[in-house]
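Please read the structure below before turning to the comments.
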Amino acid sequence: MRRRILLAGALATVLAAGTACGTGDSDDAASGNGGGAEQITIYTARDKKVADFVVEKFTAKYPEYQGKVEILNIGAQEILERVRAEKANPQADVWWGGTQQGLASGAAEDLLEPWQPSFAEKMDAQYKDPEGRWFGEILLPEVIMYNNKALTPEQAPKDWDDLLDPQWKDKIIIRDVAASGTMRSIYASMIQRLSPDGSNPQPGYDWLKRLDANTGSYAANPADLYLKLSREQGVLSAWNLQDVLLQANQSNMPFGFVMPASGAPVLVDGLAAVKGGNSEGAQKFIEFLFDDTLRADLAKDYYQIPAVEIADQPEWLAQLDLKPMNVDWDVIAKNETEWINHWNSQIKNKG
C-alpha cells in the first residue's frame with residue numbers, strides 16, 4: 001500500500017453503519033487491514049447527503065471497505081487544482097463530481113486513469129471521454145434559485161437577464177465563482193451566449209459587471225450560500241437544480257427555482273479514477289455508482305438526472321420542463337480559465 005500524506009484533519013473518515021464482516025487474524029485487526037482491501041480516498045463535489053448515502057450502500061455491498069472510504073468534500077474546481085498539485089504523489093483515488101470541461105482538463109494533463117467500465121457502451125459519446133479517462137454521471141441544469149418565503153413564483157425573475165433589473169440590487173447572493181465548477185460554468189455560459197465563438201467576451205464581461213452590481217455578497221461555499229439565502233440576506237441566486245431540490249426537500253430550506261425562459265446551461269457532471277491512485281478500489285467504486293438500482297434511488301430521492309437513462313423515471317423528473325440552453329462546451333473549455341480569471345480580477349466587487 002502506497003503511503004498517503006494527508007493534511008491533518010482534512011479528510012473525515014466516512015463510516016458505514018454496521019461493522020466489517022469477519023475478524024481476520026490479529027495482525028490484520030490491529031493494523032486495520034480488515035481483509036486486505038486498500039483504502040479508497042475520494043475527492044467529491046457531491047452534496048454530503050449524497051456522498052454519505054452512496055458510501056453506506058457501497059460498503060454494505062463490499063464489507064471489506066468498511067471504514068476504508070475517506071471523503072473530502074470540496075468544490076469541483078478545487079478538486080482539479082488539488083489533483084493537479086498532487087500529480088507527483090497522488091493522494092486521491094476517485095474524482096467524483098466535476099464539470100465536463102474540468103475533467104477534460106484533467107485528462108489533457110494526464111491526471112486521470114484510462115479504462116473501460118462495463119457501463120461505458122451504454123453511455124452517449126457526448127457524455128464521456130473517447131479514451132475512457134472520465135465519464136458523465138449526471139446532468140445538472142443550472143437555474144435561478146430564490147427564497148420562496150420572500151418571493152412568490154410570480155415575483156421571481158423569469159430569465160437570466162431579469163437578474164440585472166435594478167430592483168434586485170444587493171438582493172443576489174452568489175457562491176464565490178473561482179472555486180466552484182457550477183458557478184464557473186454558469187458565468188462562462190453567460191459569456192459564451194453573447195459571443196458564440198468566444199472571440200469577443202466583452203459583452204459577457206459587461207453583463208457580469210451588471211450582475212455584480214446587484215450582488216450583495218459572495219458566499220464562501222455552498223453551506224454559506226444556503227444559510228445567507230435562508231436568512232434573507234439575499235433572495236436570489238444562480239445554482240444547480242439538484243442541490244436546490246435537495247436543500248428544499250431534505251433540509252426544509254425555503255428554496256424554489258425558475259427554469260430560465262431562454263434555457264438552462266446543462267452540465268455533464270462526471271467522475272474519474274485518478275492516475276497513480278488505488279485503481280482497483282476506484283474502479284470498483286465507479287462501477288458501483290452506475291448500478292441500476294442505485295441510480296434509480298439517486299434519481300428518486302436525491303434529484304439526480306442520470307447520464308445513462310433509467311427505465312423508471314421518478315415523477316419529478318418525468319414532469320420536469322427542462323429547457324437546455326444552446327451552450328458550446330468546447331468553446332467554454334478553451335476559454336473558461338481566462339474568462340474567470342478576468343472576472344475575478346476585473347469585475348468582482350467592482351460593479
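The shown structure was predicted, so the numbers you read here are calculated from the model rather than taken from an experiment.
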Pair [X] + [Y]: basic N to acidic O under 4.0 Å:
X	Y	result
Glu64	Lys284	yes
Arg84	Glu109	yes
Asp291	Lys57	no
Glu113	Arg133	no
Glu137	Arg46	yes
Lys209	Asp206	no
Arg193	Asp161	yes
Glu86	Arg82	yes

Polar side-chain atom of [X] near backbone of [Y] as donor-acceptor pair, under 3.5 Å:
X	Y	value
Glu336	Ala333	no
Arg175	Met183	no
Gln319	Leu317	no
Thr59	Gln66	no
Asp212	Leu208	no
Asp269	Leu140	no
Asp162	Asp159	yes
Lys158	Ala156	yes
Glu309	Lys122	no
Asn214	Lys171	no

Subject >> Ring-face cation of Lys348 near Tyr218 (centre distance under 6.0 Å, axis angle within 45°) >> reply: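 Judged by the rule, Lys348 and Tyr218 form a cation-pi pair.
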Distance-minimising heavy-atom pair for [X] and [Y]:
X	Y	result
Val274	Pro90	CG1-CB, 4.4 Å
Tyr205	Glu338	OH-O, 4.2 Å
Pro196	Val331	O-CG2, 3.7 Å
Ile174	Ala238	CD1-N, 4.2 Å
Val268	Gly136	CG1-CA, 3.8 Å
Met253	Ser230	SD-CB, 3.8 Å

Original post:
Run the side chain to side chain donor-acceptor pair (under 3.5 Å) check on Asn344 and Asn341 step by step: do they pass?
Top reply: CA-CA 5 Å; Asn344 205 37; Asn341 285 346; 5.9 Å; no
With a 4.5 Å limit on heavy-atom distance, are the side chains of [X] and [Y] in contact?
X	Y	result
Pro222	Gln247	no
Ile332	Val327	yes
Asp52	Glu56	no
Val69	Ile42	yes
Trp95	Leu103	yes
Phe285	Asp93	no
Asp176	Leu225	no
Lys68	Glu38	no

**OP:** Give a yes or no on this: more than 12 heavy atoms of other residues, nucleotides or ligands lie within 6.0 Å of atom CG of Asp197.
**Re:**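 Count over threshold, so yes.
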Original post:
For Glu315, does the CD atom sit with more than 12 other heavy atoms under 6.0 Å from it, leaving out its own atoms?
Top reply: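 Incorrect, the count does not exceed 12.
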Original post:
Stepwise, does the salt bridge (charged side-chain N to carboxylate O under 4.0 Å, His left out) test hold for Asp292 with Arg295?
Top reply: CA-CA 5 Å; Asp292 288 343; Arg295 288 188 299 122; 2.6 Å; yes
When rounded to the nearest 0.5 angstrom, what is the spacing between [atom1] in [X] and [atom2] in [Y]?
X	Y	atom1	atom2	answer
Thr44	Ile79	OG1	CD1	6.0 Å
Asn73	Asp47	CG	CG	8.0 Å
Leu236	Leu229	CG	CG	7.5 Å

**OP:** Assess whether side chain to side chain donor-acceptor pair (under 3.5 Å) is satisfied between Ser180 and Gln77, documenting all intermediate values.
**Re:** CA-CA 6 Å; Ser180 168; Gln77 181 64 21; over 6 Å; no
Under a 3.5 Å threshold, yes or no: a donor from one side chain and an acceptor from the other, between [X] and [Y]?
X	Y	result
Gln283	Glu287	no
Ser217	Gln233	no
Asn240	Asp243	yes

Report yes if the distance between the aromatic ring centroids of [X] and [Y] is under 6.0 Å, otherwise no.
X	Y	answer
Tyr65	Phe58	yes
Tyr187	Trp160	no
Trp96	Tyr43	no
Tyr127	Phe135	no

